[in-house]
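Presented below is the structure to which this report refers.
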Amino acid sequence: MASASITARAAYRTFLKRTVQVRVLSTNPKDGYTWDEPMHPNYGIDSVKPPKHWAMPPDAPDDPMAYNRKPVTSAHAIDLNANPPKLSAKDSAALSPSGTVVHGRFGELSIDPDAGIPLEYIALLGPASEGAAAVRTIASGAENGTVLVYGAGDSAAMAAVQLASSKGLAVVGVVAGHQSGNNEFVDTMKTMTNEPGTIVPEELAIVKGLVRDIVDATVNGEEQDSVDPDASVAEFQKNVFEYAKYFPEANLSPNPEDYTFAGKEKDRKYFDENITAYLSQFQKGSPSIDEVVLKEAFTKEQYAIFKSKFGKQTTAVITGDDNAFDDFNPAEFVKNMTESPEPISDYLKNQTHALDGSSGEFVPYEFSILKNQSTNGIDTVKGGPVLGAVVNVTSDLSIAAEAVAKAKTLREKAEALQFLTESQKNAFAAASSIVAIAKVAGKPVVTVGGTLPGMDTVKPTDSDVKEALSAMELEDDGSSTLNYFLQVYRASDYPVYAEYAIHRSQEELSGPRQIIVTK
């Protein structure tokens with residue numbers, strides 16, 4: 001009976017395998033079946049609701065203690081020339097009800113909404129346009145040249161530095177005394193100039209000779225000094241001979257007589273072993289060298305060979321190479337080379353191919369006495385002739401210049417300078433260094449940010465304003481031609497910030513930034 005039931009079950013399973021077929025409904029069937037049943041008209045993507053945990057969570061309730069910032073509608077610079085100082089009405093920018101920007105000095109501005117110019121930058125449009133006017137007056141369309149700038153860290157002069165650099169001109173700028181103490185700011189300003197231009201602190205510009213050297217190196221480029229092979233070899237021979245006399249081979253650096261045994265007799269043998277090992281670690285002295293033979297036999301070629309050996313030994317010691325000599329004695333090498341000159345390799349003599357002898361490019365890894373290649377592959381960048389000077393009028397410079405201008409004789413001028421503060425003296429001396437170089441070159445000197453006796457002040461035109469606005473526009477990568485260091489006080493949220501910003505701007509060393517108050 002059991003075997004009959006098992007047989008029946010097996011037969012039934014076989015029947016199912018033969019008769020049951022699974023048909024996959026596909027738009028691209030392989031077995032001839034297609035899915036052609038029409039979609040129900042009321043069926044859509046929202047017909048089946050997702051689970052609750054898939055739904056968007058509700059908005060979090062507002063924190064009753066949170067402060068919501070008010071929108072900014074205007075930005076103001078600080079007018080330090082007013083008495084007392086106050087928020088500037090001219091150097092300000094405000095949003096009109098129609099959405100346009102109205103400047104306190106230039107009126108309604110036509111600005112592309114996609115330009116991305118911050119409202120705080122537009123408040124400095126006045127100084128920026130002065131910088132553009134100064135560059136236009138001095139450069140006059142020149143493609144190359146050097147522009148001198150005093151007060152490079154202030155808003156108008158900073159604009160002149162960046163706009164001149166954007167035109168391919170070299171700039172030698174001086175950061176005024178109230179900002180020159182910040183090394184990071186001076187270094188950052190250097191990155192805004194083109195090579196070979198640079199930015200220096202006021203303390204350096206006081207020394208007129210240093211300023212002249214910097215300007216000359218910028219104008220004409222820093223040429224590499226030529227090397228005199230004969231003079232170098234003669235100097236080396238002199239040093240070797242003096243070394244041989246001072247450190248003779250017969251005398252060790254430590255004197256063995258200074259190390260006398262003062263212990264017990266049973267320890268003497270250990271002392272003798274230790275002192276011998278101790279003295280052997282010191283560099284041996286120089287063998288006797290004949291000065292006449294040294295000058296005649298140790299030629300430039302031998303010096304080149306010696307330099308190569310010394311360089312390889314130095315590299316081996318530094319890198320821990322096993323090929324380094326344990327008892328490398330340079331003086332002994334020199335003596336052996338004078339007695340038996342060594343032949344020079346083609347690599348050291350001609351320096352036209354790679355070190356391994358292949359036809360690869362020669363790379364001057366070290367100075368060669370036979371072939372001067374110190375400027376190999378290096379182009380000397382020249383800034384071009386001096387085009388003129390831009391002087392930013394600071395409070396210290398204004399007081400000093402007016403005091404000197406009132407004096408008639410040279411004695412009176414010296415007396416006027418004597419009664420000035422150190423910061424005022426330094427400002428006058430540094431600005432005079434820049435002005436003197438421009439006058440010697442017969443080029444114009446203009447002032448921005450104020451007036452000085454005997455100097456012309458630039459007046460921005462509409463084209464200068466447009467150029468400044470264009471320089472403020474953000475590029476696709478987020479950069480802009482004209483950049484400022486701003487410290488913004490949001491008086492729209494806290495009205496007391498306006499008075500605090502005015503107070504901070506009157507500090508003796510207010511810092512390397514422009515203070516802007518937003519409302």
Side-chain angles (χ1 to χ4, degrees), residues 127 130-131 133-140 142 145-154 156-161 163-164 169-180 189 193 197-219 383-410 412-414 416-417 420-459:
E130 288 185 17
V135 174
R136 171 181 54 80
T137 303
I138 291 176
S140 300
T146 303
V147 178
L148 311 179
V149 180
Y150 172 77
D154 294 289
M158 185 182 291
V161 170
L163 293 176
L169 304 177
V171 177
V172 176
V174 178
V175 175
H178 63 284
Q179 298 173 336
S180 61
M189 286 293 301
T193 63
T198 187
I199 302 293
V200 299
E202 184 180 85
E203 291 75 14
L204 189 146
I206 294 174
V207 185
K208 291 181 170 56
L210 291 178
V211 178
R212 284 197 299 268
D213 292 343
I214 293 174
V215 174
D216 182 69
T218 303
V219 171
V386 174
L387 300 177
V390 180
V391 178
N392 192 96
V393 181
T394 63
S395 58
D396 288 333
L397 178 59
S398 178
I399 294 172
E402 290 178 1
V404 174
K406 291 178 181 179
K408 302 302 180 183
T409 64
L410 185 61
E412 292 176 350
K413 293 180 185 295
L417 288 171
L420 295 175
T421 63
E422 289 298 322
S423 61
Q424 293 166 357
K425 293 178 185 178
N426 293 344
F428 186 80
S432 298
S433 300
I434 295 296
V435 172
I437 296 174
K439 288 185 176 180
V440 169
K443 300 301 181 179
V445 179
V446 297
T447 63
V448 293
T451 59
L452 291 177
M455 295 187 185
D456 297 331
T457 303
V458 296
K459 295 181 179 180

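Below, all heavy atoms of this structure are taken into account, side chains as well, without hydrogens, waters or symmetry copies.
- Here CG of Leu417 is found 10.0 Å from CD of Gln424. Values are rounded to the nearest 0.5 Å.
- Residues Met189 and Met158 share a closest heavy-atom pair of SD-CE, 3.9 Å.
- Heavy atoms only, all atoms of each residue included: Asn392 and Ala156 are closest at OD1-CB, 3.6 Å.
- Among residues two or more places apart in sequence or in another chain, the salt bridge (charged side-chain N to carboxylate O under 4.0 Å, His left out) test is passed with Lys443 by none.
- Legend: side-chain hydrogen bond (donor to acceptor under 3.5 Å, both in side chains) pairs involving residues 445-458, not counting sequence neighbours, sorted by first then second residue: Thr447-Thr457.
- Between Val435 and Met455 the shortest side-chain heavy-atom distance falls below 4.5 Å.
- Closest heavy-atom contact between Leu163 and Gly131: CD1-C, 4.2 Å.
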- Message: For Gln179 and Asp154: C-alpha separation, side-chain torsions, deciding distance, then whether side chain to side chain contact (heavy atoms under 4.5 Å, CB included) applies.
- Response: CA-CA 9 Å; Gln179 298 173 336; Asp154 294 289; 4.0 Å; yes
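- Considering every non-hydrogen atom in both Lys408 and Glu412, the closest pair reads N-OE1, 2.8 Å.
- Rounding to the nearest 0.5 Å places CD1 of Ile199 at 10.5 Å from CD1 of Ile214.
- Screening Thr146, Val147, Val386, Val161 against Val172 for a side chain to side chain contact (heavy atoms under 4.5 Å, CB included) leaves a single residue, Thr146.
- Ala205 is linked by a side-chain contact (heavy atoms from CB on, under 4.5 Å) to Val174, Val211, Ala430, counting only residues two or more places apart in sequence or in another chain.
- With sequence neighbours excluded, the residues forming a side-chain contact (heavy atoms from CB on, under 4.5 Å) with Ala134 are Val390, Val446, Val448, Val458, listed by chain and number.
- Nearest heavy-atom pair, Leu387 versus Ala142, reported as atom, atom and distance to 0.1 Å: CD1-CB, 4.1 Å.
- With rounding to the nearest 0.5 angstrom, the OG1 atom of Thr394 is 9.0 Å from the CD1 atom of Ile399.
- Nearest heavy-atom pair, Ala438 versus Val445, reported as atom, atom and distance to 0.1 Å: CB-CG2, 3.8 Å.
- Listed by first and then second residue, the side-chain hydrogen bond (donor to acceptor under 3.5 Å, both in side chains) pairs involving residues 198-213 are Tyr150-Glu202, Ser180-Glu203 (not counting sequence neighbours).
- Evaluation of the side-chain hydrogen bond (donor to acceptor under 3.5 Å, both in side chains) test over residues 427-440, restricted to residues two or more places apart or in two chains, returns none.
- The side chain to side chain contact (heavy atoms under 4.5 Å, CB included) with Ser423 is formed by just one residue from the set Thr421, Asn426, Leu420; it is Thr421.
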